[in-house]
Amino acid sequence: MFHIALLPLALSCYALADAKVLLENGFTKRDCARFFYKGKEPTGIIPHGGARICQRFENMYRFATMYDRRNRIPTYSAYIYEAEKSVRTEWMIEPQLVGHSYPETMEEERFTQINRKLLRMNQAVNADYESASNMYDRGHINPSLHHNSECDSKATFTLTNVVPQNRVLNQGAWREYEEDTIRRRAQGCTRTYAIVGAIPGNNFIARRVNVPGYIWAAACCTMENRTVKAWAVIAENSSQNKVENITIENLEAQIKQSTGRGVHLFHHDCPKKVLIPDSS
């Protein structure tokens, strides 16, 4: 039996899913500024040929993604952490990455009418991951469980928000960070601004999609007493299955080794040199 009461929500989440690709203008000048602490997006971390995607779902912007079209993985996604409601849905693609003449509408890949060759030139597709070995998962950069609404969670199921992540890490130590560590560290925060990203590696799946050498996460939160705290972690994308607790300053230095440029993840109010203990 169909439950009519649930139909409007389901339709709104699918029919109104869209996004805005910003090739030149910064996030901070458009609708995605609210996902960054004090509206300041990271600097020194824009990949060659990168595209800013203001991810929109059910007529609302849900998070921001810097997408590396050359490596076909996100460089990072930025969002407001609000645990926890994890809802699964079908994987989607971003038509605008093919060209500005395409609709500003995120859509399920299985229903797209876009020429497959054009689609594959600019982004990863499901076939890339299906052809990979069992070694890799579709690893969310912005996790579905870091949101407290159904549509916020569903919006993360776009292939512009995932990377080939080692299955042992994704289901092990990294999952522990996503489910437990960040929750403990965000206690007492009035708002937590999260940025999660990947450092490209030397390997590829399907000879097209880069397998990151490292996965990293950082957060800056405003506290109830009006102070600010920040933390960072990084993990080698391997079966080593270890997440290292580091400072923001240390993380920026490691990302710089890949970009060759000075990296600043947050507004300068976020402390860079404070190491929060693993137990916090």
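Note: hydrogens, waters and symmetry copies are ignored here, and every other heavy atom, side chains too, is used.
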Looking at every non-hydrogen atom in both residues, tell me the closest pair between [X] and [Y] and how far apart they are.
X: Arg69; Y: Arg72; value: O-CG, 3.5 Å
X: Ala230; Y: Ile276; value: O-CD1, 3.4 Å
X: Lys272; Y: Thr247; value: O-CB, 3.2 Å
X: Thr192; Y: Ala186; value: OG1-CB, 3.7 Å
X: Trp216; Y: Thr75; value: CZ2-O, 4.1 Å
X: Ile195; Y: Phe266; value: CD1-CE2, 3.6 Å

Short side-chain to backbone donor-acceptor contact, [X] and [Y], under 3.5 Å:
X: Thr65; Y: Tyr67; value: no
X: Glu236; Y: Lys242; value: no
X: Asn122; Y: Leu118; value: yes
X: Asn237; Y: Pro212; value: yes
X: Glu108; Y: Glu90; value: no
X: Asn170; Y: Gly139; value: no
X: Asn210; Y: Gly201; value: yes

Side-chain donor-acceptor contact under 3.5 Å, [X] with [Y]:
X: Thr190; Y: Thr222; answer: yes
X: Asp137; Y: Gln171; answer: yes
X: Asn126; Y: Arg110; answer: no

request  = Carefully, step by step, assess Phe36 and Phe27 under the rule side chain to side chain contact (heavy atoms under 4.5 Å, CB included).
outcome  = CA-CA 9 Å; Phe36 302 92; Phe27 284 124; 3.6 Å; yes
Can you tell me how far [atom2] of [Y] sits from [atom1] of [X], rounded to the nearest 0.5 angstrom?
X: Glu252; Y: Leu265; atom1: CD; atom2: CG; answer: 4.5 Å
X: Arg88; Y: Ser153; atom1: CZ; atom2: OG; answer: 9.5 Å
X: Gln165; Y: Arg175; atom1: CD; atom2: CZ; answer: 12.0 Å
X: Ile182; Y: Gln187; atom1: CD1; atom2: CD; answer: 12.0 Å
X: Thr156; Y: Leu145; atom1: OG1; atom2: CG; answer: 8.5 Å
X: Met121; Y: Leu97; atom1: CE; atom2: CG; answer: 12.0 Å

Working for side chain to side chain contact (heavy atoms under 4.5 Å, CB included), residues Gln254 and Val263 = CA-CA 9 Å; Gln254 293 196 48; Val263 175; over 6 Å; no
In one Ile/Leu/Val/Met/Phe/Trp/Tyr side-chain cluster, 4.5 Å: [X], [Y]:
X: Tyr193; Y: Val228; result: yes
X: Ile199; Y: Phe204; result: no
X: Tyr129; Y: Ile93; result: yes
X: Met135; Y: Val168; result: no
X: Leu275; Y: Ile248; result: no

request  = For the pair Ile80 and Asp152, evaluate side chain to side chain contact (heavy atoms under 4.5 Å, CB included) and give the outcome as yes or no after the intermediate values.
outcome  = CA-CA 10 Å; Ile80 305 299; Asp152 279 353; over 6 Å; no
Parallel, tilted or perpendicular, as decided by the 30° and 60° cut-offs, for the rings of [Y] and [X]:
X: His140; Y: Trp91; result: tilted
X: His267; Y: Tyr37; result: perpendicular
X: His146; Y: Tyr81; result: perpendicular

request  = Output every pair passing disulfide (SG to SG under 2.5 Å) with a member in residues 192-233, not counting sequence neighbours, ordered by first then second residue.
outcome  = Cys189-Cys221, Cys220-Cys270
task = Please assess Met66 against Arg52 for the test side chain to side chain contact (heavy atoms under 4.5 Å, CB included), listing each intermediate value before the final yes or no.
result = CA-CA 5 Å; Met66 177 67 73; Arg52 295 175 175 89; 3.6 Å; yes
ask   = Given Thr160, which of Gln123, Glu94, Gln55 fulfils the side chain to side chain donor-acceptor pair (under 3.5 Å) condition?
value = Gln55
Does a sphere of radius 6.0 Å around [atom1] in [X] hold more than 12 heavy atoms from other residues, nucleotides or ligands, not counting ones at 6.0 Å or beyond?
X: Met223; atom1: CE; value: yes
X: Arg226; atom1: CZ; value: no
X: Asn115; atom1: CG; value: yes

ask   = So, for Phe63 and His147, is the gap between ring centers shorter than 6.0 Å?
value = no
message = A side-chain contact here means heavy atoms from C-beta on lying under 4.5 Å apart; do Val209 and Pro164 qualify?
response = yes
request  = For a side chain to side chain contact (heavy atoms under 4.5 Å, CB included) with Tyr76, tell me which candidate from Ile45, Ile255, Val196 qualifies.
outcome  = Ile45
request  = Write out all pairs satisfying salt bridge (Lys or Arg N to Asp or Glu O under 4.0 Å) with one or both partners inside residues 112-128, taking only residues at least two apart or from two chains.
outcome  = Glu109-Arg116, Arg120-Asp128, Asp128-Arg208
